[in-house]
Amino acid sequence: MEKKDLDVLLKEKRVFKPSKGIVEDSNIKKWMDEHNIKSYNELLEKAEDHRWFWEEMAKELEWYKPWDDVLEWNPPDAKWFIGAKCNIVHNALDRHMKTGVREKIAYIWESEDGRLRRLTYEDLYKEVNRFANALKRLGVKKGDRVSIYLPMIPELPIAMLACARIGAIHSVVFSGFSAKAFAQRVNDAGAKIAITVDGFYRRGGVVPLKESADEAIQNAPAVERLIVVKHAGNEVAMKDRDMWWHELVKNESTECETEVMDSEDPLFILYTSGTTGKPKGVVHVHGGYSVGVYTTLKYVFDLRGGDVWWCTADVGWVTGHSYIVYAPLMAGATSVMYEGAPDYPAQDRMWEIVERYKVTIFYTAPTLIRMFMKFGDEWLKKHDISSLRLLGSVGEPINPEAWVWYHQMIGGGRCPIMDTWWQTETGNFMISPYPVTPLKPGSATKPLPGIEADIYNEDGKSITNKGGYLVIKKPWPSMIRTVYGDPDRYHKQYWSMFPGVYLTGDMARRDEEGYFWIQGRSDDVLKVAGHRIGSAEVESALVSHPAVAEAAVVGKPDPIKGEAIEALVILKRGVNSSPELKEELRIHVGKELGAIAKPSTVKFVNDLPKTRSGKIMRRVIKAKVLGEDVGDISTLANPEAVEELDRAV
Ligand code: PRX
């Protein structure tokens, strides 16, 4: 698209109305008809009775025993579908064995080097059962934690589903995290079993993940066994506690009974960054999470029989948990799973995949959209991507320019974009359009039915047309139940600023028509290429380097990644600053946390602004980095540090 065309579209405050065909044919329209609901607004109104709404949604799944009551709400503790018995794997796999879905492809998997695997629902069912039996043989029981450190290969969903099937709690750690980050999460979860891979492909090379797993497990003494998937074929040193996955499952039966779980029994722990140096283990449960993720995918992305769904996230993040593993399987969908870099070997890799598998629904992050925009439209012209009928965006705010490009160039002007706002803690989409919703570029539109979101000022008053704290006022089935091992942190972090109301950590604005515009985080959490990283985590990684005395980290707007990490570092006395040291510190953070957390810039300073109690004031640093007014600095113990910042930035 020509720049001038884009400018025209941007100036137009156009609302993109869905076509009549899309509306009439949509899953949500059918649902509304069945419930005698005439319009979307009527649906939103009716769903203010959130118990009614979520109970209707829960009826779409199979339960071993139905609930006695829908919700027990003792703020901030919620229990959904009280007394019900279920297992998410029953809905994701078992129930399909009785229908035609059994022969359908569950995953089309492609590796960076072009290897292909197609798993039907029946294949997946059998592989999951074999691995579940193997875990049982190793002594894994209901409630035990299993840490999974795997890349985007089919064994990752297989391992997750096998844990869930036998009632064990999985804790997946993104394979891009460092050994240290993995060890910290294994220890926090108290896992006895860990699962990894020999290596995986990235940009033509092999990442030897087993080496990181070994390093981690040296510092995780409770781990009894490390199960290793043979994938890249790189040489690995097997230790006494190590077992090859393929040998472990060789003689296992392809049938394994599914554990009957209580609706509120934990399904998984997923670590995410907060405002302190220690990540939070977000706990989700079988019942409510099943209902939430399944129905949001079905109605937001309008999933149906012939669709080929591609969510480009990594399964190591919540987007992958909810919308590559659990929801699409519950929906009996065919998903694409890709292991590798999106622009390797060339910048049209993604479009090649869309064309090859005739992807119909494509769900990705604004960072990638902006990257493709930068690559230029000629890469797109090489491929027929007209199979697409719906698009999605997640993870960070999408700027209207990228939205319009995505809509025109990828969506051919015909595919609506579902900009889905949600979080690790929320489990499923919260603020998002349905395909029937008129769209405004850059807005995630309105809270979904059954979700009551609001914008509060400092005093907890609801405000319109001004930026404020994004909050959720009623519980929802797939909400976080607790922070693993730290219920106090759960209460304090999310429910204390406005008692009984869930604090999202985001700032947002609502316009006169009730559309929400997400502005970004209000806390010290960064969003780099859609990845969630705590400033405090990066700071403690920097301070662990022998040359560093103190460090402060802030986010700086980046045209592609949304935010880039800027680190300000005070060196220890006697250490000389040099460009080499800057690079060494960046590498050090990569080793401590993972490559995604590497600062894009490191600057050396002699002083950092602090309060009288010695706390670094990130707010002041951020204002300086952004070239904004620093505001009130009367509480600073060292106002001269502000001048020092001027010099540095
Ligand atoms: O700041 C919001 C941003 O991502 C945060 C949640 O990050 P995480 O738990 O890693 O989950 C990401 C995938 C669901 C939110 O607090 N965010 C997520 N989706 C959007 C978004 N910001 C703007 N628009 C979105 N659609």
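Atoms within each ligand, like the ligands themselves, are counted from 1 in listed order. Sequential numbering from 1 along the given sequence is applied to the chain's residues.
Using a cutoff of 4.0 Å between basic side-chain nitrogens and carboxylate oxygens, K278 and D486 are not scored as salt-bridged. Ionic pairing of E592 and K180 is present here: one or more N-O contacts between side-chain nitrogen and carboxylate oxygen are shorter than 4.0 angstrom. A salt bridge links E539 to R618: at least one charged side-chain nitrogen sits closer than 4.0 Å to a carboxylate oxygen. Between E425 and R481 there is no salt bridge, since no side-chain nitrogen of the basic residue lies less than 4.0 Å from a carboxylate oxygen of the acidic one. Checked for salt-bridge contact, D459 and K461 miss the test: no charged N lies under 4.0 Å from a carboxylate O. A salt bridge links E513 and K440; the closest N-O separation between the charged side-chain nitrogens and carboxylate oxygens is under 4.0 Å.
For the residues V318, I533, L270, D506, the heavy atom positioned nearest atom 2 (C) of ligand 1 is part of D506. Relative to atom 9 (O) of ligand 1, the option among T424, V525, I398 with the closest non-hydrogen atom is T424. Looking at K527, Q423, H531, it is K527 that brings a heavy atom closest to atom 10 (O) of ligand 1.
Taking any N or O of V394, backbone or side chain, none lies under 3.5 Å from an N or O belonging to ligand 1. At under 3.5 Å, a nitrogen or oxygen of R521, whether backbone or side chain, sits near a nitrogen or oxygen of ligand 1. Checked against a 3.5 angstrom limit, the closest N/O atoms of T420 and ligand 1 fall inside it.
The protein heavy atom nearest to atom 24 (N) of ligand 1 is E396 O, 3.3 Å. Closest to atom 18 (C) of ligand 1 among all protein heavy atoms lies W422 O, 3.3 Å. Distance from atom 13 (C) of ligand 1 to its nearest protein heavy atom, with residue and atom name: T319 OG1, 3.3 Å.
In this structure, R509 fails the cation-pi test against F516, since its NZ or CZ atom is not both closer than 6.0 Å to the six-membered ring centre and inside 45 degrees of the ring normal.
Each of the atoms 6 (C), 7 (O), 8 (P), 9 (O), 10 (O) of ligand 1 lies under 4.0 Å from some heavy atom of R532.
Taken from CH2 in W517 to CG in L470, the straight-line distance is 15.0 Å, to the nearest 0.5 Å.
At least one heavy atom of G395 lies less than 4.0 angstrom from ligand 1. The closest approach between P397 and ligand 1 falls below 4.0 Å for a heavy atom of the residue.
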